[in-house]
Amino acid sequence: MTTRTEGDQVLNPWTRTTRNAPYAVPEDLPHLRALADTQVHPSHARYKLNLTLPPEPFVGLHDAPLVMLLANPGVSDADPAAYARPGATERTLHHIANAGGSPNHFLTHADKTHPGFRWWSRTLNGLTKRGHSHDELTRKILAVQFHGYHSRSWRPIPYTLPSQPFAFHLVRRAMSRDAVIVLGRIAATWKIAVPELASYPFVVTPRQNRSVQISRGNFGPENFERIEQAIKS
C-alpha cells in the first residue's frame, strides 16, 4: 500500500470522504464492507463500525504542540440526534478536509449538548481548572485516532486501511517538531504502526491507560508539567 503524495507533501485522504452515508474515504469502503460481512455474531455488535456518523480521524490543528494518540471515535446513544442537527455533520466533514486541520470544533462551537463537547470538557477539566481556557486549548491539542470510524468498543481491524497512513504521518510530523505525545490505551498498537514512538523521548503516559483525562492525578506531577509546558509553548 502507498500513501498518496504531492511533491514532499502527504495528501490528506479525508478530503475525499463521501458527503452522504455511508461516510468513508472511498478507498476504505470495500474493506469496511468486507469487515462488516464478517461481523455476524451478536457479540460482534459493539465492534461494528457506524458509517452513518461522519468519521473523526483527528481533531485539532496538525501542528499543535500536544498530540493525543487515541483508538477510534466512540458511539453513544446521543450521537445520531447530535449529528442530525443542522450543520453538525458538515462541520466535522469540513474540519477533517481542512488543510492543516482546524481548532477543535467541539469546543469552539456553541452546541454544549453535543457528546463531543462533553467528552472534551471532561478530558481537559484538569487543565481548565489550572486556568487554561477552551479557546487556548482548541489551538494547542491535536488528537489523532488510530482509525477514524465510530464504534461502541475498540477492536483492531486486521488490515491497514488506505486512510490510516495519514494518521501515522501526522504522528511523525509531531515527532519532528518535538511535540509532547500522550500515549495511552492502545500504546502497543501505535508503536507497531509507528515504531519510532518506542524510543521517542517526549512521550507521556497516564497512570490509568484506559483514561486520557489530562490531570495531575492521572499523569503524575512530572508528566503533567510536561503537558502544561507544551500547552504554554
Side-chain angles (χ1 to χ4, degrees), residues 1-14 28 55-74 96 99-101 104 120 123-124 126-127 130 132 137 139-149 153-233:
M1 179 188 306
T2 58
T3 303
R4 291 189 183 190
T5 61
E6 188 173 271
D8 294 329
Q9 181 65 39
V10 176
L11 299 182
N12 178 2
W14 302 96
D28 288 349
E56 293 166 9
F58 43 79
V59 175
L61 293 168
H62 295 174
D63 61 355
L66 180 66
V67 179
M68 301 169 62
L69 303 188
L70 307 176
N72 72 308
I96 64 177
N104 186 323
W120 276 105
T123 297
L124 302 180
L127 289 169
R130 297 273 295 175
H132 300 282
L137 297 175
R139 298 178 176 277
K140 296 290 187 173
I141 300 174
L142 169 66
V144 183
Q145 305 280 3
F146 196 72
H147 71 74
Y149 300 104
S153 297
W154 160 259
R155 175 177 282 179
I157 297 173
Y159 180 76
T160 301
L161 296 171
S163 62
Q164 284 182 273
F166 187 71
F168 310 151
H169 163 71
L170 290 178
V171 176
R172 291 188 171 99
R173 275 186 54 181
M175 296 168 69
S176 72
R177 63 177 183 273
D178 294 337
V180 172
I181 295 180
V182 175
L183 192 55
R185 177 184 172 192
I186 64 163
T189 303
W190 272 110
K191 288 176 182 177
I192 293 168
V194 186
E196 305 95 304
L197 281 168
S199 58
Y200 184 63
F202 305 120
V203 166
V204 295
T205 56
R207 289 171 169 172
Q208 302 178 38
N209 74 346
R210 292 186 66 84
S211 170
V212 289
Q213 287 194 349
I214 308 297
S215 68
R216 184 177 294 271
N218 194 28
F219 280 84
E222 183 178 348
N223 279 343
F224 187 72
E225 175 66 20
R226 295 174 79 181
I227 288 170
E228 273 209 294
Q229 287 303 314
I231 294 296
K232 294 174 182 177
S233 66

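Note that the structure is predicted; figures quoted are calculated from it, not measured.
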Checklist entry - Under 4.5 Å between any side-chain heavy atoms of V10 and F168, yes or no? => result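 No - every pair of side-chain heavy atoms lies 4.5 Å or more apart.
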Spacing of [X] atom [atom1] and [Y] atom [atom2] [to the nearest 0.5 Å]:
X    : Y    : atom1 : atom2 : result
H147 : D28  : NE2   : CG    : 10.0 Å
R226 : E228 : CZ    : CD    : 14.0 Å
L61  : I141 : CG    : CD1   : 11.0 Å
K140 : I227 : NZ    : CD1   : 14.5 Å
I186 : W154 : CD1   : CH2   : 4.0 Å
L137 : T123 : CG    : OG1   : 11.5 Å

Distance-minimising heavy-atom pair for [X] and [Y]:
X    : Y    : result
L11  : F166 : O-CD1, 3.6 Å
F224 : G126 : CZ-O, 3.9 Å
S233 : A230 : OG-O, 2.6 Å
I96  : N12  : O-ND2, 2.8 Å

Next on the checklist: Suppose we screen for side chain to side chain contact (heavy atoms under 4.5 Å, CB included). Which residues come up paired with A187, at least two apart in sequence or across chains?
Outcome noted: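 A187 satisfies side chain to side chain contact (heavy atoms under 4.5 Å, CB included) with L183 once adjacent residues are dropped.
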Next on the checklist: Going by side chain to side chain donor-acceptor pair (under 3.5 Å), name the residues that satisfy it together with R207, two or more places apart in sequence or in a different chain.
Outcome noted: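 R207: no side chain to side chain donor-acceptor pair (under 3.5 Å) contacts found.
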Contacts table for residues 213-221: side-chain donor-acceptor under 3.5 angstrom, sequence neighbours left out:
{"from": "S215", "atom 1": "OG", "to": "N218", "atom 2": "N", "distance (Å)": "3.1"}
{"from": "N218", "atom 1": "OD1", "to": "Q208", "atom 2": "N", "distance (Å)": "3.3"}
{"from": "N218", "atom 1": "ND2", "to": "S211", "atom 2": "O", "distance (Å)": "3.1"}
{"from": "N218", "atom 1": "ND2", "to": "Q213", "atom 2": "O", "distance (Å)": "3.0"}

Donor-acceptor contacts, no H, no angles, side chain residues 197-205, under 3.5 Å, sequence neighbours left out:
{"from": "Y200", "atom 1": "OH", "to": "A179", "atom 2": "N", "distance (Å)": "3.1"}
{"from": "Y200", "atom 1": "OH", "to": "A179", "atom 2": "O", "distance (Å)": "2.5"}

Side-chain donor-acceptor contacts of residues 63-73 below 3.5 Å, not counting sequence neighbours, with atom names and distances?
{"from": "N72", "atom 1": "ND2", "to": "Y149", "atom 2": "O", "distance (Å)": "2.7"}
{"from": "N72", "atom 1": "ND2", "to": "S151", "atom 2": "OG", "distance (Å)": "2.9"}

Item to check | Pair listing, salt bridge (charged side-chain N to carboxylate O under 4.0 Å, His left out) test, anchored in residues 175-204, at least two apart | outcome: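 Of all non-adjacent pairs touching residues 175-204, those that pass salt bridge (charged side-chain N to carboxylate O under 4.0 Å, His left out) are R172-E196.
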